[in-house]
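Written below as structure tokens is the structure these notes are about.
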Amino acid sequence: SQELEQSPQSLIVQEGKNLTINCTSSKTLYGLYWYKQKYGEGLIFLMMLQKGGEEKSHEKITAKLDEKKQQSSLHITASQPSHAGIYLCGAEGYFGTGTSLTVIP
Amino acid sequence: DAMVIQNPRYQVTQFGKPVTLSCSQTLNHNVMYWYQQKSSQAPKLLFHYYDKDFNNEADTPDNFQSRRPNTSFCFLDIRSPGLGDAAMYLCATSRDRRGDEQYFGPGTRLTVT
């Protein structure tokens with residue numbers, strides 16, 4: 001099965017700061033998804049990456065898939081309290097270990 | 001418009017009393033998944049259906065069963081819930097393949113008393 005390791009496990013940042021979350025796979029990734037989850041709620045799709053070297057952006061969130069397709073990063077620019085939540089990478093139905101983000105106003 | 005619907009949103013059951021959680025979808029997707037998510041943990045895949053083909057994860061306890069009577073509906077049956085089965089249960093769908101984008105329901109929070 002697919003194993004996805006995320007780092008860091010948790011992150012506390014001041015509003016306005018940039019941050020990066022990493023996701024490392026035990027196997028080559030043929031499709032990598034990023035989701036956000038607020039406590040007690042379902043998952044919200046953020047982005048999908050399929051090609052090595054691919055980079056996608058939506059508002060202040062940018063995600064990349066490295067050339068070897070075994071690692072992805074999610075970068076948030078100028079973080080806001082609305083960015084707070086748990087970020088999960090996913091592939092082939094499996095999820096990473098999750099990163100809990102807190103943004104302090 | 002809700003695309004993946006889970007009922008009920010909150011379910012309380014007694015220790016050892018069978019319980020069924022339901023999921024329906026309006027997307028006509030081939031693949032449906034059930035996940036268990038405990039507090040502060042990532043969702044854990046229990047099983048998935050590719051059309052009528054059932055695929056169980058190796059470490060899913062026998063206490064958990066599933067039924068998919070048609071494309072739109074999928075059920076999670078917990079035969080004898082234990083206290084350790086209290087969790088959020090998430091249903092998801094994807095269009096054609098397991099690697100496709102997943103659409104999630106809001107989840108059912110199960111409490112076992």
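Just so we're clear, the structure is a prediction, and the values are computed from it rather than from any experiment.
- The line from CG of B:L27 to OG1 of B:T71 is 12.0 Å long, rounded to the nearest 0.5 Å.
- B:P43 touches chain A through backbone and side chain together, each having a heavy atom under 4.5 Å away.
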Hey, can you pull the donor-acceptor pairs under 3.5 Å for the side chains in residues 10-18 of chain A, sequence neighbours left out?
| residue | atom | partner | partner atom | Å |
| --- | --- | --- | --- | --- |
| A:N18 | OD1 | A:A78 | N | 2.8 |

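- B:L90 is not listed as a side-chain neighbour of B:W34, based on a closest heavy-atom distance of 4.5 Å or more.
- Heavy-atom distances place the side chain of A:Q37, and not its backbone, under 4.5 Å from chain B.
- The shortest distance between side-chain heavy atoms of A:K27 and A:E92 falls below 4.5 Å.
- The part of A:L88 that comes within reach of chain B is its side chain, from C-beta onward, which places non-hydrogen atoms under 4.5 angstrom from that chain.
- Ring pair B:Y33/B:Y35 is parallel by interplanar angle, where below 30° counts as parallel and above 60° as perpendicular.
- In this pair, A:Y35 and A:F45 present their aromatic rings perpendicular. The plane angle is above 60°, beyond the 30 to 60° band.
- Neither the backbone nor the side chain of A:Y30 comes within contact range of chain B; no heavy atoms are under 4.5 Å apart.
- Taking 4.5 Å as the limit, every side-chain heavy atom of B:Q102 sits out of range of all side-chain heavy atoms of A:L43.
- For residues 95-105 of chain A, heavy-atom neighbours of chain B at less than 4.5 Å comprise A:F95, A:G96, A:T97, sorted by residue number.
- Under the 2.5 Å SG-SG cutoff, B:C23 and B:C91 qualify as a close cysteine pair.
- Heavy atoms of B:Q41 lying under 4.5 Å from chain A are absent altogether.
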